[in-house]
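Have a look at the structure below before the remarks.
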Amino acid sequence: MKLLITGGAGFIGSNFIHYWLKTHPEDEITNFDLLTYAGNLESLKDVVDNPNYKFVKGDICDRDLVFSLVSGVDLIVHFAAESHVDRSILDSSAFVRTNVLGTQVLLEAAREYNKRFHHVSTDEVYGHLGPDDLSFNENTPYAPRSPYAASKASSDLLVRAYYTTHNLPITISNCSNNYGPYQFPEKLIPLFISNLKENKKLPVYGDGLQVRDWIHVDDHNRGVDFIIQKGKIGETYCLGGKNSEIPNIELTKKLISLMNKDESFIEYVKDRPGHDRRYSIDYSKATRELGWEPLVDFETGLKQTVEWYLNNWDWVEHCKSGEYQAYYQKQYRKN
Ligand code: NAD
Ligand code: DAU
């Protein structure tokens, strides 16, 4: 099989490429990525010499390039996106362009050549939950609350519409918060590890009692594989962690303890506007229909993740050598 992976230089996409080349060594992968601030070829240095791996730099909004790449593959796995909620609050333009328009261009190409299309999406399309609400599932109505979530919801609806209108062979996954190696240090876990390592404060938004459901990136990517192999065309599958719902402040304290620091590093800062209170995923459809469930225990996965960042400090430092400092100042300036 020949796969076109969009956004393969990002966090989840690069882990997916490692995973896929290991588990399906006969398949050919083209990684198509614009290398925005979040794209990093250093995350793929282990696979560059693999004859079944190829990288193409480009924009998913570039219709001619997208059509020529899609024509030569069997399957598109679409990870490329602007993915950080805080950046979408500062300026949503790139989110609408990449997440909505880029997905539409890919869908048009997939339609032209009738290719299987797997769309990687998020649980944030479902909005947020109160402490006693039932978990999100595939039938939860869409209610996105951030510009990022709204752009992903728009892309999901386009993907669904191409199935209904054009019979395009699509599947969608909506997954909760991923953690693991190669995540850009703007997201909570790598940001806090990096700040602790540099003896900087940990900016906890609001009261720190927002709850996230954490899944190891390898479990997410195994789930995408299961959907590609066994998923029913036209269907959506929710993926999430097992017993891994945790308030941000508790997660922060776990990271502090894993890094042998103390709680004086915690600094409560102004809340994120429109901050989603709780995410929780019911992944029973994926278990029932595909036989998938997450395997990585959260405590073990978190410990290994901390170790990975500390052992790959060059990778972190290179991420922070670009526009990161300007972003950090803008996002975390005192007001
Ligand atoms: P990321 O920000 O780490 O990586 C995104 C990648 O897309 C980067 O390599 C970037 O260069 C590339 N890209 C951006 N704009 C592009 C364009 N116009 N053309 C081509 N490439 C472009 O994101 P991530 O965290 O790896 O997320 C990947 C996907 O998974 C996204 O669609 C995201 O919505 C979804 N998702 C993420 C999470 C999570 O916790 N990170 C959870 C559920 C779903
Ligand atoms: O649920 C899936 C989503 O998870 C993905 O679709 C997104 O791409 C991904 O970024 C993630 O979104 P979150 O907004 O939940 O992730 P983030 O790491 O930005 O924040 C996690 C929680 O930590 C959230 O409640 C906000 C809080 N936070 C985050 C940062 C960066 C802080 O308190 N301080 C911070 O500095």
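The first residue of the sequence shown is numbered 1, and numbering continues consecutively from there. Both counts, for ligands and for their atoms, begin at 1 and track the order of listing. When reading the values below, keep in mind they use all heavy atoms of this one structure, side chains included, and skip hydrogens, waters and symmetry mates. As the structure is a computational prediction, the values presented were derived from the model and not from experiment.
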Ring center gap for Tyr182 and His18 short of 6.0 angstrom |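 Between His18 and Tyr182, which both carry aromatic rings, the centre distance is below 6.0 Å.
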
Close aromatic pair by centroid cut-off 6.0 Å: Tyr179 and His216 =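 Yes, the ring of Tyr179 comes within the 6.0 Å limit of the ring of His216, centre to centre.
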
Counting heavy atoms only, name the option from Glu186, Arg272, Arg277 that's nearest to atom 19 (O) of ligand 2.
->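 Residue with the shortest heavy-atom distance to the ligand atom: Arg272.
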
Considering only heavy atoms, which of Tyr205, Tyr148, Tyr328 lies nearest to atom 35 (C) of ligand 2?
->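 Nearest option to atom 35 (C) of ligand 2, by heavy atoms: Tyr205.
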
Relative to the heavy atoms of [X], which atoms of ligand 2 are at a distance of less than 4.0 Å?
X	result
Thr122	1 (O), 2 (C), 3 (C), 5 (C), 6 (O)
His84	19 (O)
Val85	14 (O)
Arg212	15 (O), 24 (C), 25 (O)
Leu191	36 (O)

Write out the residue and atom name of the closest protein heavy atom to [atom], then the distance separating them to 0.1 Å.
atom	answer
atom 34 (N) of ligand 2	Pro203 O, 2.7 Å
atom 16 (O) of ligand 2	Asn177 ND2, 3.5 Å
atom 8 (O) of ligand 2	Ser83 O, 2.7 Å
atom 1 (O) of ligand 2	Asp123 OD1, 2.5 Å
atom 10 (O) of ligand 2	Lys187 CD, 3.2 Å
atom 24 (C) of ligand 2	His275 NE2, 3.4 Å
atom 36 (O) of ligand 2	Tyr332 OH, 2.6 Å

Answer yes or no: is there a donor N or O on one side and an acceptor on the other, between the side chain of Ser151 and the main chain of Tyr148, under 3.5 Å?
->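 Answer holds: yes.
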
Ignoring hydrogens and angles, tell me if any N or O in the side chain of Ser244 forms a donor-acceptor pair with the backbone of Ile215 under 3.5 Å.
->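 No, because the side chain of Ser244 does not come within donor-acceptor range (under 3.5 Å) of the backbone of Ile215.
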
Should [X] be counted as touching ligand 2, given the test is an N or O pair under 3.5 Å?
X	answer
Val204	no
Tyr279	no
Ser176	no
Asp86	no
Phe192	no
Gln210	no

Report, as yes or no, whether the 6.0 Å neighbourhood of atom CG on Asn243 holds more than 12 heavy atoms from other residues, nucleotides or ligands.
-> no

Sidechain N-carboxylate O distance under 4.0 Å for [X], [Y]:
X	Y	answer
Asp207	Arg277	yes
Glu307	Lys303	yes
Arg222	Asp219	yes
Asp59	Arg97	yes

Does the ring of Tyr37 carry Arg87 above it, NZ/CZ under 6.0 angstrom from centre and within 45° of its axis?
-> yes

Distance under 6.0 Å and angle within 45° of ring axis: Lys200 vs Tyr332 = no

Side chain, backbone, both or neither: which part of [X] has a heavy atom under 4.0 Å from ligand 2?
X	value
Asn248	side chain
Leu188	both
Val269	neither
Glu124	side chain

Among Tyr309, Tyr324, Tyr328, find the residue that satisfies the side chain to side chain contact (heavy atoms under 4.5 Å, CB included) test when tested with Pro185.
-> Tyr324

Rounded to the nearest 0.5 angstrom, the CG-CD1 distance for Asn52 and Ile29 is 8.5 Å

In Å and rounded to the nearest 0.5 Å, what is the CG to CD distance from Asp314 to Glu42?
->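 So the CG of Asp314 and the CD of Glu42 are separated by 7.5 Å.
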
Could you tell me whether ligand 2 has any atom less than 4.0 Å away from a heavy atom of Gln331?
-> no

Side-chain contact test, heavy atoms from C-beta onward, threshold under 4.5 Å: evaluate it for Arg160 versus Thr236 and give yes or no.
->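 Sidechains of Thr236 and Arg160: in contact.
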
Over 60° means perpendicular and under 30° means parallel, so classify the ring planes of Phe16 and Phe79, tilted if in between.
->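 Phe79 and Phe16: tilted rings.
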
With no hydrogens and no angle check, do the side chains of Asp156 and Asn174 hold a donor and an acceptor under 3.5 Å apart?
->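 Short answer, yes.
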
Check each of Arg116, Glu235, His119, Lys230 against Thr171 using the side-chain hydrogen bond (donor to acceptor under 3.5 Å, both in side chains) test, and report the only one that passes.
-> Arg116

Close residues (non-hydrogen atom under 4.0 angstrom from ligand 1) work out to Gly7, Ala9, Gly10, Phe11, Ile12, Asp33, Leu34, Leu35, Thr36, Ala38, Gly39, Gly58, Asp59, Ile60, Phe79, Ala80, Ala81, Ser83, Thr98, Val120, Ser121, Thr122, Tyr148, Lys152, Cys175, Ser176, Asn177, Asn178

